[in-house]
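See below for the structure under consideration.
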Amino acid sequence: MFETFEFETLTAPQASVYFALIIGVLFGVLAQITKFCFRRALVGEDSRAAAGVWFTALAVALVGTQAAVAAGWITFDDHRFMISDMPVLAIAIGGLLFGAGMVLTRGCVSRLTVLSGSGNLRAAVVLLVFALVAHMTLKGVLAPLRTSLGAMTVDMGEYITLAALPGGMWLWTAILAVAALAIALRSGNGAGMLILAALIGLLVPAAWVGTGFVLFDDFDPIGMESLSFTSPAADTLFWSIASTSIAPGFGTGLIGGVILGAMAASLIFGGFQWQSFENPRQTGRYILGASMMGVGGVLAGGCTLGAGLSGVPTLSVAAIFAIAMIAAGAKAAQFVLSQGDASTAAPSATRRPQQAA
């Protein structure tokens, strides 16, 4: 469709950067206001409200994405989510690592990108380490680990998508969307917050359609992409240090837009505040978590947005499996940390009466 616009100087890959910048700014603004974060929805103190926001976005993303498929605008037949040989071991290990890592850093990558724009230097450092380790796993010294684990696959045949199951595409879309909305409606969020969350969800099909239909060009094709942060973070880091050699892509525009949008929202509506690490132990914890997310995001095939908010609406079994393993990793890590905190607090509690006496 892109050639019908008859741009003389702008190519489809160049247009995708500007398009991603717009999508990123919108996501950054909305995510800053709603505090959109999958970790908070799982293990945060306000997990019920956070889950309402996240699952509202997912429900809208599901319906919007499958409506675009039904309209014939996009197809996921050749997408990486739909490979019949599913790397089950890589997804399982990657998901667990990513989930545990986001608990250690107190935020999924999308949330940390937003926080980076609002002055949180801890989040900025985590984002840099995450991007570096993700790039190492994609193309660097950790690539053999990725290829070794990725070689262990299970042939899913046509059942790599829920659309292949009895009932077809719309039945499973309805089941997932209704389940997500049920969580959202019981979250205690007001209508205004849920509307903002729905707008986040609309960005997912908008990005799929934008890159897969509107910007489609037979002579200069681009990949069909939506909201994701693992590969985009790695690409942005690589472009930042070698911009004279490589051109920016959709991911670069997305990351830049999210940071700009979050910064604008935090300055306009309040919330911008410089923050840094409190001590070396906290620094080490965050760097460890960032590294785990970097490896895990690549192995799992995406982060909480790439595999979750954008992946699940494709009805990919691999994406659903990945977000389930991320959730399991987060829950397990939170349990271990809470047990450690309890054991540390117990001796202190027993000593206090003796000191008072």
Side-chain angles (χ1 to χ4, degrees), residues 38-39 42 58 61-62 65 75-103 108-109 130 133-169 172-173 175-176 179-180 223-231 233-234 289 291-336:
F38 188 63
R39 184 203 69 87
L42 290 174
L58 178 63
L62 273 159
T65 299
T75 178
F76 294 102
D77 291 345
D78 297 324
H79 196 273
R80 62 182 178 83
F81 283 141
M82 301 300 178
I83 299 175
S84 60
D85 291 328
M86 190 170 80
V88 178
L89 186 61
I91 294 174
I93 293 175
L96 292 173
L97 283 173
F98 190 97
M102 74 180 186
V103 168
C108 56
V109 177
F130 167 79
V133 176
H135 201 278
M136 290 166 59
T137 309
L138 282 167
K139 302 177 181 179
V141 295
L142 296 178
L145 172 66
R146 172 181 58 80
T147 55
S148 297
L149 292 176
M152 302 177 189
T153 62
V154 172
D155 185 5
M156 301 291 291
E158 64 178 353
Y159 295 108
I160 196 64
T161 172
L162 295 183
L165 297 176
M169 173 184 78
W172 291 99
T173 297
I175 290 174
L176 292 175
M224 188 171 69
E225 301 182 65
S226 189
L227 298 180
S228 177
F229 283 80
T230 302
S231 181
S291 301
M292 293 170 68
M293 285 196 295
V295 176
V298 173
L299 293 179
C303 59
T304 55
L305 261 72
L309 190 64
S310 296
V312 172
T314 69
L315 301 184
S316 162
V317 173
I320 295 171
F321 180 49
I323 195 64
M325 295 308 297
I326 289 174
K331 287 287 189 179
Q334 184 64 27
F335 175 78
V336 171

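Everything numeric here is computed off the predicted structure, so don't read it as measured data.
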What closest approach, in Å, do Arg146 and Leu299 show between heavy atoms, and which atom pair accounts for it?
CA-CD2, 3.7 Å

Where do Ala327 and Leu42 come nearest, in terms of heavy atoms and distance?
CA-CD1, 3.7 Å

What one should report as the nearest heavy-atom pair of Val317 and Thr161 is CG2-N, 3.9 Å

For Arg39 against Val103, the heavy-atom pair lying closest together
CD-CA, 4.1 Å

So CD1 of Ile160 and CD1 of Ile83: to nearest 0.5 Å the spacing works out to 8.5 Å

I need the Leu142 CG to Thr137 OG1 distance, nearest 0.5 Å.
4.5 Å

Once rounded to the nearest 0.5 Å, what's the spacing between atom OG of Ser316 and atom CE of Met86?
8.0 Å

Side-chain (Thr65) to main-chain (Thr314) donor-acceptor, under 3.5 angstrom:
no

Review item, side-chain donor-acceptor pairs of residues 149-159, under 3.5 Å, at least two apart:
from	atom 1	to	atom 2	distance (Å)
Asp155	OD1	Gly157	N	3.0

Less than 4.5 Å apart, side chain to side chain, heavy atoms only: is that true for Lys331 and Phe335?
no

Rounded to the nearest 0.5 Å, how far apart are CZ of Phe38 and SG of Cys108?
8.5 Å

Indicate the atoms forming the closest heavy-atom contact of Ile91 with Ala318, along with that distance.
CD1-CB, 4.0 Å

Among all residues two or more places apart in sequence or in another chain, which pass the ring pair (Phe, Tyr, Trp, His ring centres under 6.0 Å) test with His79?
Phe76, Phe81, Trp208

Contacts of Asp77 meeting side chain to side chain donor-acceptor pair (under 3.5 Å) (sequence neighbours excluded), chain-then-number -> Thr75

What's the spacing between Thr230 OG1 and Leu305 CG if we round to 0.5 Å?
9.5 Å

Heavy-atom closest pair (Pro144 atom, Thr147 atom, distance to 0.1 Å) is O-OG1, 3.0 Å

